[in-house]
A.B. asks: 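Sharing a structure with you now.
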2 protein chains.
Amino acid sequence: MPKSKRLLALMMTVNRKRKFTVKELAQEFEVSSRTILRDLQELSELGVPLYSEVGPHGGYQVLNERILPPIAFTEEEAIAIFFACHALRHYACLPFKTEASSALSKFYNYMSGDVRDRIDQMKNRVDFITPSRHSESPHLSILLDGAIDQKVILIEYESREGIASREIQPIGIYASNGLWYCPAYCFLRGDIRVFRCDRMHSAVHASDSSSKPIDLRHVHLGNREALNKAEEEEAILHVELSKEGVQKCEAELWAGSKLHFNNDGTGWLEGNIGKSDIPFFAKFVLGLGNEATVKSPPQLVDAMKEMMAKIMAKYNFE
Amino acid sequence: MPKSKRLLALMMTVNRKRKFTVKELAQEFEVSSRTILRDLQELSELGVPLYSEVGPHGGYQVLNERILPPIAFTEEEAIAIFFACHALRHYACLPFKTEASSALSKFYNYMSGDVRDRIDQMKNRVDFITPSRHSESPHLSILLDGAIDQKVILIEYESREGIASREIQPIGIYASNGLWYCPAYCFLRGDIRVFRCDRMHSAVHASDSSSKPIDLRHVHLGNREALNKAEEEEAILHVELSKEGVQKCEAELWAGSKLHFNNDGTGWLEGNIGKSDIPFFAKFVLGLGNEATVKSPPQLVDAMKEMMAKIMAKYNFE
DNA sequence: TATAATGGTGACAGGAGTTGTCATAAATAT
DNA sequence: ATATTTATGACAACTCCTGTCACCATTATA
């Protein structure tokens, strides 16, 4: 193999096996150790962060960083990647240790001149907005670890009733509307619940004397909904929606599976809801104003009336 | 210069000048044309999409794609980039011609094994969710072009009053909550307005006999708000919020500048609003239920009462 | 139609750069 | 001590890279 090709191949190999010896590579590439040594020095000069230790159990290592081999991106692709990463700046917290901005600036700097110009032109003209949040979610990494490695996490969680300790086994984390959520198996309830990450005052690996992890490897963000136990008494939700009502509902995550469309843009919500969720839906439907008409359950209409009565009362007497 | 280094340098040069002749490069690199020809063939084999035309004014060209030189990313950075791009899959429409998925799969495939494993582990455990929308926004590219090149765009826009033609000069586009918006100077109103891109039934460059572009180069997504003319009669909004109310308001884009916090997590909304926006705020505050108390303006309270009366009526007589 | 500009290919000799071998050194784990 | 491993220099052998030349094909332009 000619040297120019060997160097590129070496670059990939070296990234694959992060630790290796000169001899090993020499055999793999069918050249002498001396040659590999010379090659590694060249890679080093090209920017591959190599580190070596002499002695038994010594050898070469690639530090921290990985070299991405030359990749062909179309201009559009490069720009799409840029703005996707750019969008992450709206998040106060991310589950990755690094800031996305460091990756972004590397990417930007390596881009050829005209793509960079194009990006500069677009920078203030395109954005993916996420509401920026007041509250922080510092425990994302540990929750994600727990989800990947099937570990039990002990959290202090602030719910409406106050702060309490809970043992949970995370299924994953997701950001929606600028807030981080963590669906997890709750050992207290014996079921899957969604927790808001910014309401966790602390989160640690629950190692000693605590609940044993259960097998949730097959449960992930994509399929967790199907697994919710239906313990609670349910009611059938049926709400007719105007066109504007449909558009507002599309913004709601929970509505995804319940929302149906007519051809003219109007639609309706239909599905089972827990009776304990009725206050939530009452507020929501009230916010839709005249764009929604509740057909069922009657309890929901009652809840709305009650809520309106309270509001009325507030403004009449204040 | 040894060949291995020349190839890398050539890769960059070729990306910089997208069109070039063999002779040109031969002089630049101080080698013969024959060598350059051989080198270019090798680059081609390495994946650089080169295209050549013979004859006068012919020469080499790099097609569409650019080669990113080898970049060193830390594992965390690579992962952050991956998930940022991954998040774009929630969007039905993007202003980039390419799908983000093609860039993503390239990126993924070139990644070294263990980073890929790590990503696979995280794939179903981390997500940035954006509500997926029913409506399409096919005119994003043309709007973005208009914003960058200061062009007037003729759109057919569906507002509450029906469909009408309008001439606008876009300032930029942004996605929020899965919907695309386009702040633009509206020649009809003589002011900056925000349009929803999915309500544009068509969008074309307005070339003939139409309004001339005005100079909006200094106006962009970051500063457009300061430039809104305050023509309309305004009212002072003041709404007190419970803790839960604050959290709901944080999700609203418009609330950013109006939302204030108390130390205990409660807060209030304060700021000027146009009187024509009162119906909007009425619905919004109603959706907050008991979590909000309107202090001002009185017209807002009236609007809420009226709305509640309508809703009440609906359920009493149906 | 001729001409010049451009890419494309094959052959070949000379030589630049690459390679393997050997010697030697230094560090370190067992 | 000994084995393992990186590190460096020198030098001959030799690979493969390079330039030159010859020739062809295509195409814009005079």
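Each chain gets a letter, A, B and so on, in the order the sequences are listed, and its residues count up from 1. Keep in mind that the numbers below use all heavy atoms, side chains included, and drop hydrogens, waters and symmetry copies. Since the structure is predicted, the reported quantities are computational estimates derived from the model, not experimental observations.
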A.B. asks: Just the rounded figure in Å: distance from C1' of C/dT19 to CG of A/L25.
C.D. replies: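 In whole Å, C/dT19 C1' and A/L25 CG are 17 Å from each other.
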A.B. asks: Nearest of C/dA29, D/dT6, C/dG8 to any side-chain atom of A/H57?
C.D. replies: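 Of the options given, the side chain of A/H57 lies nearest C/dA29.
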A.B. asks: Tell me: CD of A/Q61 to C1' of D/dT6, nearest whole Å?
C.D. replies: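 One finds 13 Å between C1' of D/dT6 and CD of A/Q61, rounded.
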A.B. asks: Whole-Å distance between C/dG17 C1' and B/M1 CE?
C.D. replies: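 Atom CE in B/M1 sits about 14 Å away from atom C1' in C/dG17.
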A.B. asks: Expressed in angstrom and rounded to an integer, what is the separation of A/Y51 atom OH from C/dA27 atom P?
C.D. replies: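 Those two atoms, OH and P, are 14 Å apart.
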A.B. asks: What's touching nucleotides 20-23 of chain C from the protein side, N or O pairs under 3.5 Å?
C.D. replies:
residue: C/dG20; atom: OP1; partner: A/S32; partner atom: N; Å: 3.4
residue: C/dG20; atom: OP2; partner: A/S32; partner atom: N; Å: 2.8
residue: C/dG20; atom: OP2; partner: A/S32; partner atom: OG; Å: 2.7
residue: C/dG20; atom: OP2; partner: A/T35; partner atom: OG1; Å: 2.3
residue: C/dG20; atom: N7; partner: A/R38; partner atom: NH2; Å: 2.9
residue: C/dG20; atom: O6; partner: A/R38; partner atom: NH2; Å: 3.4

A.B. asks: Which nucleotide sits closest to the side chain of B/V54: D/dA7, D/dT26, D/dT6?
C.D. replies: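 So the side chain of B/V54 is nearest to D/dT26.
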A.B. asks: With nearest nucleotide decided by heavy atoms, which residue, A/P2 or A/P56, maps closer to the 5′ end of DNA chain D?
C.D. replies: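 Mapping each residue to its closest nucleotide by heavy atoms, the 5'-most match is A/P56.
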A.B. asks: Tell me whether the side-chain N/O atoms of B/R6 come closer than 4.0 Å to OP1 or OP2 in D/dT18.
C.D. replies: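 Answer is yes, contact under 4.0 Å.
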A.B. asks: Within this structure, what is the CG-to-P distance between B/L43 and C/dG8, rounded to whole angstrom?
C.D. replies: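 Result: 13 Å.
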A.B. asks: Using whole Å, report how far CG of B/L50 lies from C1' of C/dG7.
C.D. replies: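 Going from CG in B/L50 over to C1' in C/dG7 covers 13 Å.
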A.B. asks: Round to a whole Å and report the spacing from CG of B/L37 to P of C/dG7.
C.D. replies: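 Those two atoms, CG and P, are 7 Å apart.
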